[in-house]
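Let me begin by presenting the structure, written as structure tokens, before commenting on it.
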There are 2 protein chains.
Amino acid sequence: MDVKTVCLGMLTDGEASGYDLKKHFESSFGHFFSAGYGSIYPALASLAANGLVNCECIPQNGKPDRKVYSITPAGRDVLLAELDKPNPSHKVRSEFLATICFAHLMTADQLATVLNNRIAEIESYEKLFDKFEHTRMHETPHGMHFTVGIGRALILAMKKYIQENGHELQGHSAAAANF
Amino acid sequence: MDVKTVCLGMLTDGEASGYDLKKHFESSFGHFFSAGYGSIYPALASLAANGLVNCECIPQNGKPDRKVYSITPAGRDVLLAELDKPNPSHKVRSEFLATICFAHLMTADQLATVLNNRIAEIESYEKLFDKFEHTRMHETPHGMHFTVGIGRALILAMKKYIQENGHELQGHSAAAANF
DNA sequence: ACTCACATGTAAAGAGTTACATGATTTT
DNA sequence: AAAATCATGTAACTCTTTACATGTGAGT
């Protein structure tokens with residue numbers, strides 16, 4: 001399941017442009033699958049070249065043509081085949097945790113900064129989830145609700161753990177002097 | 001913070017070979033930072049070329065020379081500079097959640113399989129964490145304990161959420177027929 | 001007899017991120 | 001007057017993954 005496939009899935013909800021899909025990635029998929037324009041536009045071009053989506057160009061004044069994509073029956077088949085995979089991955093890549101592993105080489109200040117910034121990022125995710133639930137909750141399929149629920153459960157668990165155990169960690173950080 | 005830097009950090013704990021570091025990645029770092037031989041060996045070669053680690057070659061019979069790496073003062077400086085970054089990332093890339101988003105396009109059987117496999121993987125992580133705590137708990141720095149604690153909190157939160165909400169999701173999956 | 005652990009490395013392929021390139025309209 | 005939104009795309013770069021390549025010794 002790569003960016004192409006996720007784009008295909010998003011298009012089952014209705015036609016959209018690359019720009020629209022980017023918004024969708026940011027608002028609902030961002031916490032577990034991110035993609036920038038540099039991934040999305042080539043993905044759509046590739047899907048179109050393989051007949052998995054159709055593209056309708058809508059001329060505009062000043063701006064580039066708006067290209068609206070819609071999924072084809074062949075695209076739907078490819079998507080369903082992808083959804084049939086029994087073991088989709090769930091991977092974490094955390095420079096945050098890698099940093100924490102070496103907390104004993106950091107000063108208490110450095111550690112506090114890293115921990116506080118993580119909490120701040122978690123809280124911005126909380127706001128994102130709240131926003132999603134207040135605006136899009138009704139129009140989206142149940143699977144989306146589930147992923148938002150998991151996202152929230154995950155960040156709350158992390159926040160709680162940091163708040164309950166962070167101070168203990170700071171007691172073991174290095175002194176300010178870097179000998 | 002890339003594979004190179006994590007290797008550098010691991011070497012602050014004592015000298016090790018690429019093979020040893022791979023073990024370390026699997027047993028303690030795997031849940032938030034994975035790396036294979038194809039990343040580790042080139043990383044060590046690059047660190048050695050830049051004088052951040054020293055390499056001692058130990059001839060062996062039959063097997064390739066065992067190359068034992070140790071961190072240099074310059075390497076330590078580079079590591080400390082890396083640990084000074086205030087906003088280390090924490091990224092999730094989940095084909096699992098991406099699949100769940102489109103649960104309404106899957107059969108109840110497909111969905112159950114995906115959910116069960118995820119639970120099974122979570123349980124194998126639980127065992128890994130137990131093993132770590134029973135064997136390496138004492139020798140590792142406090143930061144490691146913290147990361148294992150977060151890892152456990154995260155997978156438990158996910159497991160709980162799936163167990164409490166998974167059946168509700170299955171009520172909304174597609175019928176077996178793919179029209 | 002077979003498989004697992006030990007032990008290192010290269011090369012090609014695959015995927016994503018970042019920076020660049022352009023420019024009108026709408027909101028603050 | 002500045003900033004954000006709309007709107008698309010390419011090219012270079014970075015990084016990881018996978019497959020290949022080789023071979024011994026110990027345990028089951």
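We name chains A, B, ... by the order of the sequence lines, and we start the count at 1 in each one. A quick note: this is a predicted structure, and the numbers were derived from the prediction, not measured.
With the nearest nucleotide of DNA chain D identified for both Tyr69(A) and Lys4(B), Tyr69(A) has the one nearer the 5' end. Summary of the strand contacts: Lys67(B) and Arg93(B) both lie near DNA chain C, and taking for each the nucleotide with the nearest heavy atom, the more 5' one is attributed to Lys67(B).
Close to dC6(C), at under 4.0 Å from its OP1 or OP2, lies a side-chain N or O of Lys23(B). Side-chain nitrogen and oxygen atoms of Gln60(B) include at least one within less than 4.0 Å of the OP1 or OP2 phosphate oxygen of dA7(C). Applying the 4.0 Å criterion to OP1 and OP2 of dT16(D), one finds that Ser34(B) has every side-chain N and O outside that range. Within the 4.0 Å cut-off from OP1 or OP2 of dA15(C), not a single side-chain nitrogen or oxygen of Ser39(A) is found.
Side-chain atoms of Asp65(B) and Gln60(B) include no donor-acceptor pair closer than 3.5 Å. Between the side chains of Thr5(B) and Asp2(B), at least one donor N or O lies within less than 3.5 Å of an accepting N or O.
Remark: P of dG9(D) and CG of Leu21(A) are 12 Å apart, rounded to the nearest angstrom. We find that CZ of Arg66(A) is positioned 18 Å from C1' of dG23(C), with the value rounded to whole Å. Rounded to a whole Å, the CD atom of Glu95(A) is 14 Å from the C1' atom of dT16(D). Atom CG in Asp20(A) sits roughly 15 Å away from atom P in dT5(D) (whole-Å rounding). The OH-C1' distance, from Tyr37(A) to dA19(C), rounds to 15 Å in whole Å. Residue Leu44(A) contributes atom CG, which lies 12 Å from atom P of dT10(D) at whole-angstrom precision. The interatomic distance linking Tyr19(A) (OH) with dT22(C) (P) rounds to 20 Å, in whole Å. Nucleotide dT16(D) holds its P atom 11 Å from the NZ atom of Lys91(B), rounded to whole Å.
Using cut-offs of 30° and 60° on the angle between ring planes, the pair Phe32(B) and Phe29(B) is tilted. Below 30°, between 30° and 60°, or above 60°: for Phe33(B) and Phe25(B) the angle between ring planes is between 30° and 60°, a tilted geometry.
Among the atoms of the strands shown, none is found under 4.0 Å from any heavy atom of Lys22(B).
Taking the ring centre of Phe129(A) as origin, the terminal cationic atom of Arg152(A) falls outside the region bounded by 6.0 Å and 45° from the ring axis.
Of the listed nucleotides (dG16(C), dC15(D), dT8(D)), dG16(C) has the atom at the smallest distance from the side chain of Val3(A).
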